[in-house]
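Lettering of chains follows the sequences in order, A, B, ..., and the numbering in each one begins at 1. Because only heavy atoms are used, hydrogens play no part in the values below, and waters and symmetry mates are left out as well, while side chains stay in.
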Protein chains: 2
Amino acid sequence: MISSKTKYGLHALMHLSHKYNKGPVLIAELAREEKIPKKFLELILLDLKNHGILESKKGKGGGYQLARHPSEVNIGQVIRILDGPLAPVSCVSQTAYKRCNECKDEHHCGIRLVMKDVREAMANILDRTSLADMGVRIKNFKSDSMFNFQI
Amino acid sequence: MISSKTKYGLHALMHLSHKYNKGPVLIAELAREEKIPKKFLELILLDLKNHGILESKKGKGGGYQLARHPSEVNIGQVIRILDGPLAPVSCVSQTAYKRCNECKDEHHCGIRLVMKDVREAMANILDRTSLADMGVRIKNFKSDSMFNFQI
DNA sequence: ATAAAGTCTATATTTTTAGTAGTCTATTTG
DNA sequence: CAAATAGACTACTAAAAATATAGACTTTAT
């Protein structure tokens with residue numbers, strides 16, 4: 001299961017995708033609209049900002065906005081930032097490899113080989129799906145444009 | 001990431017697969033060989049027994065053994081028992097569905113639709129891979145590398 | 001100058017994970 | 001039957017992680 005933190009982050013990013021190119025959005029608005037505890041959301045957004053996903057403006061008229069086009073932000077990145085590596089076991093992580101201490105021989109560990117497939121399968125979806133793609137999936141359902149940009 | 005508990009459980013089950021049809025194996029042996037804290041392992045094995053994966057015998061000459069052939073025990077089952085549902089979010093779980101409280105409209109949630117694909121991808125691997133398959137993967141890996149040297 | 005809005009650091013609370021201790025029950029065997 | 005073996009069960013604890021909350025600080029528009 002992904003953490004609440006990550007779910008909050010994804011919802012906030014979807015909200016910001018809707019408002020892409022419409023200027024900064026207040027933390028307070030995001031918190032209210034997406035039902036996220038405001039102070040907690042602050043930390044999440046800051047984290048995403050420090051990883052280059054978001055940019056912010058302080059002072060009056062400030063707020064948060066996407067640093068890149070929604071089609072350029074994929075969910076794999078976001079989950080890695082907020083939740084850590086995708087891999088089910090650290091010994092198959094591409095981004096945060098760490099040996100299992102109890103493992104005798106990594107290359108002959110059947111568990112590891114299966115988990116490698118799982119990681120691959122997850123990454124194939126998450127690293128190829130952008131915020132824009134998530135909007136499109138909804139659009140296909142609703143037959144009504146979700147975002148104010150061209151895909 | 002899966003928990004240590006689950007990793008321990010899978011290692012113990014692999015050990016028991018090797019010893020299938022050779023009589024019960026002591027918790028103490030499993031703990032020693034697989035480097036698992038013994039008391040913790042007791043709880044794990046008991047849990048797997050209560051879910052029909054293992055069977056046990058008390059008293060002298062007792063121990064644990066698989067309740068079914070290794071090809072009849074898949075990893076999806078094991079992970080669900082020890083770690084809970086496979087689904088990345090509860091609103092796409094087949095075995096433990098639960099609505100997201102903050103979600104406005106589940107059927108139009110793009111996050112949910114992507115996570116549904118992820119769940120599907122994971123389940124397709126984990127529910128189709130048995131303990132026996134994990135053993136086979138090791139075997140194939142070994143003969144492949146031997147093959148590479150010979151040709 | 002002041003009000004708005006994000007930033008930063010620290011702390012609190014709750015839940016989960018990981019592990020331990022000790023007693024109880026069943027089985028074998030001398 | 002008694003003793004030894006081995007799992008079953010209940011309870012507890014420590015540590016870590018998740019989920020927040022508080023409050024002072026900094027930047028910026030007007």
Side-chain angles (χ1 to χ4, degrees), chain A residues 1-12 16 23-32 34-51 53-67 79 81-85 88-90 96 100-102, chain B residues 1-12 16 23-32 34-67 79 81-85 88-90 96 98 100-102:
Chain A
M1 292 272 181
I2 64 177
S3 62
S4 303
K5 186 178 172 187
T6 299
K7 256 200 280 186
Y8 290 159
L10 289 172
H11 280 290
L16 291 171
V25 177
L26 295 181
I27 296 179
E29 174 184 329
L30 289 166
R32 181 173 18 86
E34 304 297 333
K35 294 174 191 154
I36 304 171
K38 190 185 163 214
K39 272 297 190 179
F40 194 26
L41 180 57
E42 282 182 18
L43 301 180
I44 295 169
L45 296 175
L46 192 56
D47 207 356
L48 292 171
K49 178 197 165 178
N50 290 334
H51 283 87
I53 307 287
L54 295 177
E55 53 193 29
S56 65
K57 238 187 107 186
K58 282 187 179 182
K60 193 167 189 182
Y64 271 97
Q65 57 195 22
L66 288 176
I79 294 180
I81 292 167
L82 297 176
D83 238 25
V89 290
S90 61
C100 295
N101 4 14
E102 75 279 6
Chain B
M1 291 272 179
I2 63 177
S3 62
S4 302
K5 186 177 171 186
T6 299
K7 254 200 281 186
Y8 289 158
L10 289 172
H11 280 291
L16 290 172
V25 178
L26 294 182
I27 296 180
E29 174 184 330
L30 289 166
R32 181 170 21 84
E34 304 297 332
K35 295 173 191 154
I36 304 171
K38 191 185 163 211
K39 272 295 191 180
F40 193 25
L41 180 57
E42 281 182 22
L43 301 180
I44 296 168
L45 297 175
L46 190 56
D47 207 355
L48 292 172
K49 180 198 163 179
N50 290 335
H51 283 87
I53 307 286
L54 295 177
E55 54 194 29
S56 65
K57 240 187 105 186
K58 283 187 179 182
K60 191 164 191 184
Y64 271 98
Q65 57 195 21
L66 287 176
I79 293 180
I81 292 167
L82 297 176
D83 238 24
V89 290
S90 60
K98 194 171 159 289
C100 295
N101 4 13
E102 74 280 5

(message) With nearest nucleotide decided by heavy atoms, which residue, B:Gly61 or A:Gly59, maps closer to the 5′ end of DNA chain C?
(response) A:Gly59
(request) Among C:dT7, C:dA5, D:dC9, find the nucleotide with the atom closest to the side chain of A:Glu42. (result) C:dT7
(request) Measure from the side chain of B:Tyr64, starting at C-beta and using heavy atoms only, and say which of D:dG7, C:dA18, C:dG6 lies closest. (result) D:dG7
Does a side-chain N or O of [X] approach OP1 or OP2 of [N] to a distance below 4.0 Å, or not?
X       : N      : answer
A:Lys49 : C:dT7  : yes
A:Ser4  : D:dT19 : yes
A:Lys60 : C:dT2  : no
B:Tyr8  : C:dG19 : yes
B:Ser56 : D:dA6  : no

(request) Kindly check if the number of other-residue, nucleotide or ligand heavy atoms within 6.0 Å of NZ (B:Lys35) is above 12? (result) yes
(request) Could you tell me whether B:Lys39 and B:Glu42 have a side-chain N and a carboxylate O separated by less than 4.0 Å? (result) yes
(request) Assign each of A:Lys57 and A:Leu43 to its nearest nucleotide of DNA chain D by heavy atoms, then name whichever residue's nucleotide is nearer the 5' end. (result) A:Leu43
(request) Would you mind telling me which residue lines up with the more 5' stretch of DNA chain D, A:Phe40 or B:Lys39, judged by nearest nucleotide? (result) B:Lys39
(message) For a 4.5 angstrom cut-off between non-hydrogen side-chain atoms, does A:Glu34 reach A:Leu41?
(response) no
(message) Counting C-beta onward and ignoring hydrogens, is there a side-chain heavy-atom pair between B:Ile36 and B:Leu30 closer than 4.5 Å?
(response) no
Can you tell me the distance, in whole Å, between the [atom1] atom of [X] and the [atom2] atom of [N]?
X       : N      : atom1 : atom2 : result
B:Leu45 : D:dA6  : CG    : C1'   : 13 Å
B:Leu46 : C:dG19 : CG    : P     : 18 Å
B:Leu54 : D:dA8  : CG    : P     : 10 Å

